Each structure stands twice: as C-alpha cells, then as structure tokens.
Amino acid sequence: MQNADDIKPSYPLFRKDEYKQSLGDKKANFENSHGQAKVDETFLWTTSVEYKELNFQREALTINPAKACQPLGAVLCSIGFEKTMPYVHGSQGCVAYFRTYFNRHFKEPLSCVSDSMTEDAAVFGGQKNMYDGLENCKALYKPDMIAVSTTCMAEVIGDDLNAFINNAKKEGYIDQDFATPYAHTPSFVGSHVTGWDNMFEGIARYFTLNHMEGKVVGSNGKINLVPGFETYLGNFRVMKRMMSEMGVDYSLLSDPSEVLDTPADGEFRMYAGGTTQDEVKDAPNALTTIFLQPLQMEKTRKLVTDTWKHEIPKLNIPMGLEWTDEFLMAVSKISGQPISESLTTERGRLVDMMTDSHTWLHGKRFSLWGDPDFTLGMTKFLLELGAEPVHVLCNNGGKRWLKAMNKMLEASAPVNNATQLFHSHDLWHLRSLVFTEKPDFMIGNSYGKFIQRDTLQKGKDAEVPLIRIGFPIFDRHHLHRATTLGYEGAMTMLTTLVNAVLEKLDADTMQMGVTDFNFDLVR
Amino acid sequence: MATLSKEEAAALIQEVLEVYPEKAQKDRAKHLAVNDQEKTTKCVTSNRKSLPGVMTIRGCAYAGSKGVVWGPIKDMIHISHGPVGCGQYSRAGRRNYYVGHTGVDTFGDMNFTSDFQEKDIVFGGDKKLAKLINEIDGLFPLARGISVQSECPIGLIGDDIEAVSKKGAAELSKPIVPVRCEGFRGVSQSLGHHIANDAIRDWVFEREGGGTAFESSPYDVTIIGDYNIGGDAWSSRILLEEMGLRVIAQWSGDGTLAEMENTPKAKLNLLHCYRSMNYISRHMEEKYGIPWVEYNFFGPTKIAESLRAIAAFFDDHIKEGAERVIAKYQPLVDAVIAKYRPRLEGKRVMLYVGGLRPRHVIGSYEDLGMDVVGTGYEFGHNDDYDRTVPEMGNATLLYDDVTGFEFEEFVKRVKPDMIGSGVKEKYIFQKMGVPFRQMHSWDYSGPYHGYDGFAIFARDMDMTLNNPCWKNLTPPWLKPVEEEQRAIA
C-alpha cells in the first residue's frame, strides 16, 4: 500500500511484495507461460551466431524498422514555410500519428490537418473531402499556404491531387490564387526522407515551374540551402550563423526552427517564422542550391537542375571536420566571400578538442544507424576521430547510400577497413550484430534502448550502451535543440561521444577493493 | 474566473461556431452542448464522421485494434500489415505495461511489419504475408500466436488475409487472427475496437482447446477493458484479490492469449472501458451466460461504490471482503486527501480524452475538491454521453470530437486551472500557461487506478498545478504596472 508521505509511481511501487505476489500468481496460474528455463534457453539462442544467420535470411518480415513513411517527411517540410498548414489527403489516423510522433520528439505542438477520408471516399474518391477540407482549414486556421500531401489510402485508390485542388478552386471552395502546393507521398515507396524531398519539390515547383520567365541564375546573389529531413534545431541556426559570419546572403528553404521552438509566454503560436513564399519564388535567381543532405533529394535535384538551371555543387552533408571544410570552401567559392576568421578560429577549436580527446576515442568501436546522410556523415566523423565504425545500418539507404558509403570509406579509411554496411536492414538485424560482434557503443535514436536492455540481459560484460543521436529521441529531453552540422555540431557530438566513453569507464571501475584503478580524477 | 452561467456557456458555443463555413457550422453545432441534467433528450451528436480539414484529434480503426485491443496481448506477435509507418508511429508509446522477456516470450514493445513496397500494392501482399508468418515462427518459437492488423491498403487491393491466416494457423498449430481494421473504416478508433472484439469472438473463442488448465472457483472474475497504462490493471486486480475474488484473465493490458481463452469460464466479467470492450462482454453474456458489470476504479468514492457493486454479485464472503478492503485503505485515502485537497480545492478542470476517462475520472477530481467544467470524447457514442450527463454539473461544456480550434477557444474563455487531454494538445496549452496533464498516458506516470493509483493521481495533479513554472510566463518588465505595484505593496 502507498504511504501518503512517500507516494511511488509504477517503479518502485510494483516491486513491493504484495504486487510481486499478485503478478507472480497471475503468471503461474493463468498465463500459460513457458517457464523460466525455456525462456532463458531461448534468449541465449537469440544471441547466437546461428540465430543471426537465421535472422539475416529474412525476406518478408521487418522487425523494429529504423525508418518511417513519406507523409511524415512531407509534414516536416511543410511547416518550414511561413504560415503554412500541412494538409494530408487521406485517412485521418495518419495525421494523429504524425502529430504525436513529432510532439513526442520535439515536445512542441504540431499543427496539421487531414481530410478524414472514410469508406465512401474509398469508393468514390476523395474530391469532396478535398473541397470541404480546404475550405474548413482555411476558415479555421487562416494559413497563407496549404501544403497537400497524401496517405497510402489516397494513393492506392489513385486520387489526383492536381485535379482535385484545381476543381476546389474552380468551385470556389478556396480562392484561385491561394497557395496550394502538393505532392504525392505514397508510404509504400521510400521513407520519410523521400516524403520530404517530394513535398519540397512540390512547393518549389508550385512557385517556380511556370514562373521562370525573367529568372536569371545568380541575379539575387544568394545561395539556397535546402536542409532535407532535419530535426536538430541547432542545424538550422548554425547554418544561419555561418552564413552571416561569412557575409553570405542565403535563403534557407524550409526552416521550421521557429515554429518548433516557440516560447511559453501565455500565447500559442500556430505559425512562427519559416521560409516566405517570396523567397521560394526568388530561389531560381540564386547563385546555386546546396543540399545539406544530398542523398535524399533525388526529385528536387531534377527540378533545381532542369528548371532552375543551377549547377549543384557536389558536396556531402556538412558533418564533421573535413566535410564542413568542403562545405565552407564551396560557399566561399560560389559567393566570392572569404571564409571568415571567426569560422577559421572555430575550426581550430574543434581540432583542438579532437587532439584533447583522441586518446579516449581512438579505436573505440561503434554501431550506428539512422537516415542516409546522417549515417554517412557520422561514419565520416567517427573516422576523423580515429574511432571504428563497425556496423553502419541505414534501413532507408538503398543502393545509392551503399555506393556513397563505399566511396567515402575507400577515401577515408583505405587500409584494414572493417566497417560493415547494411543498406536495407532493421534494428532486429542490428541486435544480432551487437550480440555477435560486440561494439563498444551504439549511436542512434531512442529505439536503441531496447537493444541496450537486451545486451545487459546477457550480462554486464555484454552490455552495449546507447548514445542518443538521431531521430526520434523520445526518452531524453531537449536533445533536439542541439547541433550536429558544422564545426559547432562536431564539437557537440565529440563532447557527447567522449563523455559517454568516460561515463562508462567510471561505471566499470567503481567497485571499491575490486577496480581501484582507472577510476581517475583527471583524464 | 467565475463559472459560466448556462446562457454564457451557450453564447460561447455560438461564438466559437461563427468562424466555420455554413455547412461545417451546422454539423459542429450538433456536437457541442451545455450540460443539462434535466434534459431527457440526447444532448450531443457523436460517432459521426469528422469534418475534413478541421484538425480532429481522432485516430483510426487500426489504432483502435492494433494500438488498443490487440497490441497489449503480450505473448502474441501483432503484424502491422501494410506500409511501414503505422507500426512505427504506434510502437511502444502507449505505456500498456507488461512483464516478460521481450523478444523471447513477449513482444509488446516491438514492431513487426510487412513494410509494403510498391510491388506489394500492385501484385498483392498475400504471398509476403504467408512468408513472413513462417519467418516469425522460425525466429520466435515461443510466440503463442499471431494477429494480422490490416493497414489501409489491405482492404483496397483485395488481399485475402483470412485465407492466408487459416492456412498458416493450420501449418503452425497456432492461432493466426486476421483483423480487418483498415484505417479508413468507420469514423475513429471506435470501429477498430469493435472489429477487434469481433476478431476475438471469431478467431479466439471459436478455436478448439487453448487456455490454461485450472479448477474453476465460484469467485472467478476477469478484468475487461483495462490496458494497464502505467500498471493500472495491476493496482486494480490487487483490490479484487484482496476482497476474495480470483482474476483469471486481464484484457488486454499485460494480457495473454491463454487469459482470453480462460475468460468464458468466468463467473462475472468486470468491464472498465465500456467503449472499447462492451461488444465482447455482451457476446459472452449471450453465448456463455456470463453477466458483466461496469466499474470505475478512479478515486476512492467511485472505487468504494464499484467494489460494493461487484460484491453484490457474490455471497457474504465477498461482500465482507469488499468492506474489509474499503476499510483497509481508508487511512491512506484520508491521508492523501488531507495532504492534497487543501492544495487543489476549487480548481477547475477541462478534459478531452478517449474511451472512458472523460467521465470516469470526474470522481477522482471531485474527491480532491476539484470541479470538471468541460469534457468530451474523441470517439464516444450516445451511450457514453448518456453516462456522462449525470456526472457533470449543469452549465458545464460538452464537446464531441472537438477540433483544435474549438478547444483552444473554449480554454481561452473558460480559463480552467488545469487541462487533462493528450500529447497533441499538451504543448499548445502549456505555452498558453495552463497546467496540463496527459490523461491517455498519465503523462509518463501512473498507475491511476485503485487506491494506490489515486495517491499518485493526487500527487501528480498537485505537482503540475502548483509547480512554480507557471508563474514565470510573463517577464517582469512586461507585467502590467498595477500588478507590479500590488506585488510591491
């Protein structure tokens, strides 16, 4: 029973004897359980090489994926534009899920509507839903733009967004000149990063495709920066800072860093900040467009190359030291502005940190997973630190990612390179890998906590701690505010990594009279 | 702010409706009402399609089946059949606790999906389903069964998951349950509950064998419709056990296939979430003659009422047991109320939640001296509102399938001291400076059921309502001069 002076939640309440008894009786009498011996034996088998081989034979089943579906990315892309309401054409449950997923990661509100298609729409198509949905959304939430994407339901029945939206305008449900870019985002193709690309292309196309007359490459003197599916708020901010320190004029195309970080001051802001429509219209006049996560921008790349006629510089995600160098040098070359002294100093500080910490990171083995550009950039940075990326897994990677990874590995670590790549695998595959080829740490999103628990179950020596860098992170607070790009991002990640190593060393050497060595005050 | 009069509340609803286009306004007007206990006609329209584009808070049938009813059955593997998203967004977020060795004999935190690709849509997914059932069998030999939770495309591309399931079940000698809970079916999670209930009826109860061997006793009951959020069902069953009853099954939080199969042997089914599991309770009444009774384990007043109502189905041994339990916990109840009521007395709460909570938690707030001044259901039906009207004071607000716009406007005008709703609402109202508790997930706390749960509930309401953070929303240099002077004085 609780004590009013010391009220306990689930843990440790359910460790009290009366609950142990109750739960024990339930298991013994009514659950038809397999018995502890059988469970333990089976668990050990699931950690074996034999199980790993069976696990890697899977062809149809995905277990614990490390990816989500297209419209999630479309929603994130949309909220990066000024006063824009993401509108998902199809089933309403999807939108409840997207909102929840982002709410849990950012601990922020996320506004997004659905047009709630049900059985009748499945039969007759969702045009009527689109009519009412656009009208209602505009009347209630007064956006300047409604960015339409789709759920798989609307895709399977073949709804035509272009026709539906045009008809809605013709019928007077919304004004003819109201901004309604759209993108088909079938969830059975690609992943959330594909959806971001498709939605961005849809918005860029809407404002520029038929308005290219008079557009001259370079005439506005700016550089377009396109973030891709980016969830670290610091990454938007560090880009702005680096550009302004170099005196480079830029357009950050899709910038949700304000709407995902509004203050608690008594007012709820449904919209805040974001890229303006004018900036998008003006984007073809830029010197060029730089994709910060170029592996995921397939469709946009075509538009920018073919319609905007931009020569897109061949760059990688500006993560870690060298790829930030390359990024800044490219920006300097394109803009004609020198790399600022402040950034040169910042680079020096990062290198200084790397020299300080290399002894604790050299040779440390990491297994990591995440989106294509993140895993590419993170692996590259780990190599720069002298660490060993052992397993790099990208559930939504595909062949293009594999090619980019191999190219980078050949250039960065040509000798004795033991990094294994998994371009279409899931976290149950990774579980087998960390059991059979134990790394020192995992780097990834919150889902990794279940793998850490599994490894600990086998014994303290088998435990592989999780370092949380990625998306989503549900179980730690405020990490999404951090930076992972640029020198600043490298500093943050380096600090996170080296201190994870030192925390673990402390934890391993804390037993008095047993491990009285390496438990050092000074490191 | 003073409580709204009936006229003021009605005027507020009118005012909020004004911004809607005509057609939408007509529809939404039927879903909003001022509570009136005298009124005999039904007060609000419910369980209708959500309007497109209004930002409904509702989910879908898949959420109702996979997320609510089936997902928590811990020793079965639930396949999110279709594209990758649904299973990912609904993975391990609901806090329906269970004990077991995840990945070996239990699977609740995991996400199994067929991860549909374009070719599966074009050529159908039945072959993939058949193959992955075998892969599950190879990798998870201790799983007691499988359920196939249909996502939207399944019903649109004409797959025959029933045939695949039957064949697979025969080969594996384990139940494989096809569930037609495609997200576009129905108007909310609610139809998903119903479809999931029917799947239990047809594919679990109709199956030969199963269950655990145990000798029946006259005191065998089940807990139906408790999802064990934060351990709710555990802090409930302990009370039933203490009064002399034996809980032979728990649905579906921390539940097992065997417990579902045990259920038709019960003497009485105890139904907590009426909305999501009344269907199967009615079925068991008709088919097996098992009576069922609704109960409410939120707050000491309702707990005591419920314990006595449950005991009334049994002999004096149990009736005495109920009194013994009530008496045993009375000192705890007294201590909790003495500690927290003075800190919470008179505070006004607005709720907007799912299945049973919009009415069930009212009593626990009242036990702490708080008033619920507005409530509504995401996916309630008429029978839910019938049960709600008597619990709510006159001139309070009822809002069905509330839109983001309406909820924000109501809150601005009613100015409650606290809101209890979901994560999609949480950060909106926190920014507005209104203390907020998630009343789906217990805001990562709980349990809230039972006497032990009530203590946590009281602690949590106090911590959120009386935390100093709410005082700091306005910077000192922007505070109105008068207020500043008053502070100085």
Side-chain angles (χ1 to χ4, degrees), chain A residues 1-2 4 7 9-10 13-14 19 22-23 29-32 34 39 42-43 54-55 58 60-65 67-69 91-93 96-97 99-101 103 107-109 113 115-119 122 129 132-133 135-137 139-140 152-153 156-157 187-189 264-266 268 450, chain B residues 21 24 49-56 58-60 63 83-85 88-89 101 104-105 109-113 115-118 121 128 131-132 135 142 152-153 156 183-184 212 214 230-231 238 248 256 258-259 262 332 335-336 339 405 423-424 427-428 431-433 445 452 455-456 459 473:
Chain A
M1 205 199 303
Q2 295 273 19
I7 294 168
S10 314
L13 175 68
F14 295 128
Y19 281 105
S22 174
L23 269 62
N29 298 325
F30 303 113
E31 290 190 358
N32 191 25
H34 291 279
V39 171
T42 309
F43 169 66
L54 189 64
N55 191 15
R58 273 189 281 140
L61 175 65
T62 295
I63 309 167
N64 299 345
K67 62 176 180 177
C69 69
S91 297
Q92 72 194 12
Y97 279 143
R99 295 179 70 199
T100 301
Y101 211 60
N103 293 148
K107 310 218 177 293
E108 289 291 319
V113 301
D115 57 13
S116 300
M117 285 166 65
T118 54
E119 280 114 326
N129 297 67
D132 293 341
E135 186 184 27
N136 289 336
C137 173
L140 289 181
C152 53
M153 178 214 183
V156 172
I157 64 174
S187 51
F188 44 83
V189 177
D265 61 357
F268 162 56
F450 296 112
Chain B
K49 272 195 275 190
S50 301
L51 293 174
V54 298
M55 215 179 306
T56 174
R58 284 174 167 176
C60 64
V84 72
Q88 192 70 329
Y89 307 130
H101 196 137
V104 179
D105 68 344
D109 289 334
M110 298 172 68
N111 172 9
F112 295 82
T113 173
D115 186 9
F116 262 32
Q117 301 301 303
E118 198 150 26
I121 300 286
K128 192 175 203 178
K131 191 182 232 178
L132 72 80
E135 290 175 353
L142 302 191
C152 286
L156 300 170
F184 62 83
T212 43
F214 63 90
I238 202 161
I248 61 167
T256 53
E259 286 169 84
N262 291 343
L332 171 66
V336 168
K339 183 173 177 184
F405 172 78
V423 75
K424 301 194 285 298
Y427 302 105
I428 294 171
K431 285 181 193 293
M432 287 165 65
S445 175
D452 283 348
I456 304 164
R459 179 202 73 159
L473 268 79

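Computed from a predicted structure; not experimentally measured. Sequence lines set the chain letters: A, B, ... in the order given, protein chains first and strands last, and positions in each chain run from 1.
When each of A:G93, A:P9, A:A139, A:G266 is checked for heavy-atom pairs under 4.5 Å with chain B, A:G266 comes out on top. Among the candidates A:L13, A:I63, A:L140, the residue making the largest number of heavy-atom pairs closer than 4.5 Å to chain B is A:L140. Options B:K339, B:M432, B:E135 differ in how many heavy-atom pairs under 4.5 Å they form with chain A, and the most are formed by B:E135. Among the candidates A:E135, A:R58, A:E31, A:R99, the residue making the largest number of heavy-atom pairs closer than 4.5 Å to chain B is A:E31. The most heavy-atom pairs under 4.5 Å with chain B, out of A:V113, A:N32, A:D132, come from A:N32. Options B:G433, B:S445, B:C152 differ in how many heavy-atom pairs under 4.5 Å they form with chain A, and the most are formed by B:C152. Of the listed residues (B:V54, B:T56, B:N262, B:V336), the greatest number of heavy-atom pairs within a distance under 4.5 Å of chain A belongs to B:V54. The most heavy-atom pairs under 4.5 Å with chain B, out of A:I157, A:T62, A:N55, come from A:T62. Chain A forms more heavy-atom pairs under 4.5 Å with one residue of B:G85, B:P83, B:G183, B:A24 than with any other, namely B:P83. Interface remark: of the candidates A:N64, A:N29, A:V39, A:N64 forms the most heavy-atom pairs closer than 4.5 Å to chain B. Heavy-atom pairs under 4.5 Å with chain A peak, among B:K131, B:R459, B:Q117, B:M55, at B:M55.
Side chains of B:T113 and A:P65 form a contact here, defined as non-hydrogen atoms less than 4.5 Å apart. Looking at heavy atoms from C-beta onward, B:V104 lies out of side-chain contact with A:H34 at the 4.5 angstrom threshold. Looking at heavy atoms from C-beta onward, B:F184 lies out of side-chain contact with A:M117 at the 4.5 angstrom threshold. Taking 4.5 Å as the limit, every side-chain heavy atom of B:L132 sits out of range of all side-chain heavy atoms of B:F112.
If you measure heavy-atom distances from A:F14 to chain B, the contacts under 4.5 Å come from the side chain alone. Looking at A:S91, the atoms closer than 4.5 Å to chain B (heavy atoms on both sides) all sit in the side chain, from C-beta outward. With a threshold of 4.5 angstrom between heavy atoms, B:C60 approaches chain A through its backbone and through its side chain.
Between A:Y101 and B:Y89, the ring centre distance stays below 6.0 Å.
Ring pair A:F43/B:H101 is tilted by interplanar angle, where 30° to 60° counts as tilted.
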